[in-house]
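Lettering follows sequence order; numbering is per chain, from 1. Source: prediction; values computed, not measured.
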Number of protein chains: 2
Amino acid sequence: MSGHKPQPLENAMRPAALPEQLRIACAQCNLVELCLPVGLPANDLKKLDTLVSVRKRVKRHQALFESQAPFEALYAVRLGSFKTVLTLTDGREQVTGFQMTGELLGLDGIGSGRHAVTAIALEDSEVCVIEYAQLEALAQEIPALMTQFHKVLSREIVREQGVMTLLGSMRAEERLAAFLLNLSQRFATRGFSPNQFRLRMTREEIGSYLGLKLETVSRTLSAFQEAGYLRVDRREIVLLDREGLRQLLYPERTDPANATAP
Amino acid sequence: MSGHKPQPLENAMRPAALPEQLRIACAQCNLVELCLPVGLPANDLKKLDTLVSVRKRVKRHQALFESQAPFEALYAVRLGSFKTVLTLTDGREQVTGFQMTGELLGLDGIGSGRHAVTAIALEDSEVCVIEYAQLEALAQEIPALMTQFHKVLSREIVREQGVMTLLGSMRAEERLAAFLLNLSQRFATRGFSPNQFRLRMTREEIGSYLGLKLETVSRTLSAFQEAGYLRVDRREIVLLDREGLRQLLYPERTDPANATAP
DNA sequence: CGGGATATTGAACGGCATCAACGTGCGTGG
DNA sequence: CCACGCACGTTGATGCCGTTCAATATCCCG
């Protein structure tokens, strides 16, 4: 994958060469449009490569980093997917996010120097390791990188505000509809079908993220199927009526007369 | 108030023609320990002053900025307090945070160039205006400022994760206890009593933040008073048993044996 | 191939929302 | 300055949505 081949080929041939660490280059990564370097000119990308040169593999159910552990690096998901979990002192857990390819992990550690959440791979995955000290240094040199990094941080803040709203004022149906539409959109962004995908997480993990019990997630999915919005078989989802789900989320504005500003 | 130095400008040098904008200086601001410039050396503080030179007054119930409006500046609360509100297309609202002196507003706008939330003053307030373009430029010059800014952003991410957990997995009593303890701690940080304070927000706003209805907030406060945790009179709160509230939050695990079914 | 993890579905319960009535302090205007 | 009106807060009664408890099915994964 670190070669001159124009096409990435993902899982084509990967001899069991390097177990944990692999060299790569942002400039040749097909995720460059989704990841931290969005919009950086080619020469800046080269500098970034000096920094992001190590990949790390994380097996399914394994932790990339643990809550309370010293913060040293950010991680860009290169392959696979993760969940981040916040654990209360009494053992209750809250899933605070699901991360797909191109998304960053570890932003929660910058403020205190320790990770606030635990990141766990939902499937066998790979991340690019971004030493934070080096990133700071490089951001000092490359204004565009600093700007981009601020945007990433800000967008994470906005994403979480969205989840707060979901948790604070939506009903179970709406929460799940919002969740599915969000997943759908993220798959589409990555070049996959927005209408057919495989959930990487369990009902319980979805429930934790949405503030629901796994039984409620299961029941609501069944209800959606019953209503013709989708078909569900275990973790396979086929969305049959995205617009219907969206209307669930944003209750009727059918009448153009009272259709106000967006 | 500011220290030994003769009281700066305030409205001195400015002709009274400017009711909205006032000159100030970070170096003389008593909030310097809470605000963005935490830990900056004196000479860097001076540079920051070239940037943060305008104050703005916002009257109670007035918006500092509106959702969807173009993002141009961050705001540091100098006096008073604010709430940030996210409005759904169907009109439902979610309070995503309450900001006290020294805290920053507007971080949500960096990512998209537009504000995601509306910021409304809970009482007559004043903010320092921090032009974002200038902040970026200065952060490029002053590594310590950039680092500090990243920490502020990261801490906001962590704070929101805490709220997500509260909304996703806590009961009404726990949510309110967590809220009161958080307020208490923030008042203490600002040199006020942690045991006695005045709520700046209505029951409805608290409820919106905590994902509860205002009646539930009211009832739960009454229940806390009944239980001896606090005294409440309208918006005046006297905490009588902070430790008790804390135990409510983190259920006692004194004996693992009987820690199971009731 | 076996067993634990995962998922579905049903029945009953309970916490919080909803609906409603009333009390009260505060700002506004007469 | 006082009285009015209204936003804000409290409390009660009732009902619903999601949880809890439980039983069963099924699929991976080792």
What is the distance from atom CG of B/L181 to atom CG of B/L245, rounded to the nearest 0.5 Å? 5.0 Å
d([atom1], [X]; [atom2], [N]) in whole Å:
X: B/L122; N: D/dC8; atom1: CG; atom2: P; answer: 12 Å
X: B/L221; N: D/dT11; atom1: CG; atom2: C1'; answer: 14 Å
X: B/E173; N: C/dG14; atom1: CD; atom2: P; answer: 16 Å
X: B/L214; N: D/dT11; atom1: CG; atom2: P; answer: 13 Å
X: B/E226; N: D/dT10; atom1: CD; atom2: P; answer: 13 Å
X: A/R171; N: D/dG15; atom1: CZ; atom2: C1'; answer: 14 Å
X: B/D124; N: C/dG27; atom1: CG; atom2: C1'; answer: 14 Å
X: B/L167; N: C/dC16; atom1: CG; atom2: P; answer: 13 Å

Check for me whether the distance between the ring centres of B/F98 and B/F82 falls short of 6.0 Å. no
Between A/Y75 and A/F65 (judged by ring centroids, cut-off 6.0 Å), do the two rings come close enough to count as a pair? yes
Can you label the angle between the A/F187 ring and the A/F197 ring as parallel, tilted or perpendicular, going by 30° and 60°? parallel
Would you say the side-chain atoms of B/E123 and B/S81 include a donor-acceptor pair closer than 3.5 Å? yes
Side chain of [X]: nearest nucleotide among [options]?
X: A/S218; options: C/dA7, D/dT10, C/dC16; value: C/dA7
X: B/L212; options: C/dT8, D/dG18, C/dA17; value: C/dA17
X: A/R60; options: D/dC17, D/dT10, D/dC29; value: D/dC29

Should B/Q94 and B/V85 be marked as a side-chain contact (heavy atoms from CB on, under 4.5 Å) after you check the CA-CA gap, both sets of side-chain angles, and the distance that decides it? CA-CA 6 Å; B/Q94 171 79 17; B/V85 181; over 6 Å; no
Reckon A/R235 has a side-chain N or O less than 4.0 Å from the OP1 or OP2 of C/dA7? yes
Enumerate the protein-to-nucleotides 20-25 of chain D contacts in which both atoms are nitrogen or oxygen and the separation is below 3.5 Å.
{"unit_1": "D/dT20", "atom_1": "O4", "unit_2": "A/R219", "atom_2": "NH2", "d": "2.8"}
{"unit_1": "D/dC21", "atom_1": "N4", "unit_2": "A/E215", "atom_2": "OE2", "d": "3.3"}

Does anything in residues 197-208 of chain A come within less than 4.0 Å of DNA chain C? Heavy atoms only, and list the residues if so. A/T202, A/R203
Pairwise 5' ranking along DNA chain D for A/G211 and B/H61, keeping only the more 5' one: B/H61
Hey, is A/E215 close enough to A/R203 for a salt bridge, meaning N to O under 4.0 Å? no
Are there more than 12 heavy atoms of other residues, nucleotides or ligands under 6.0 Å from atom CD of B/Q185? no
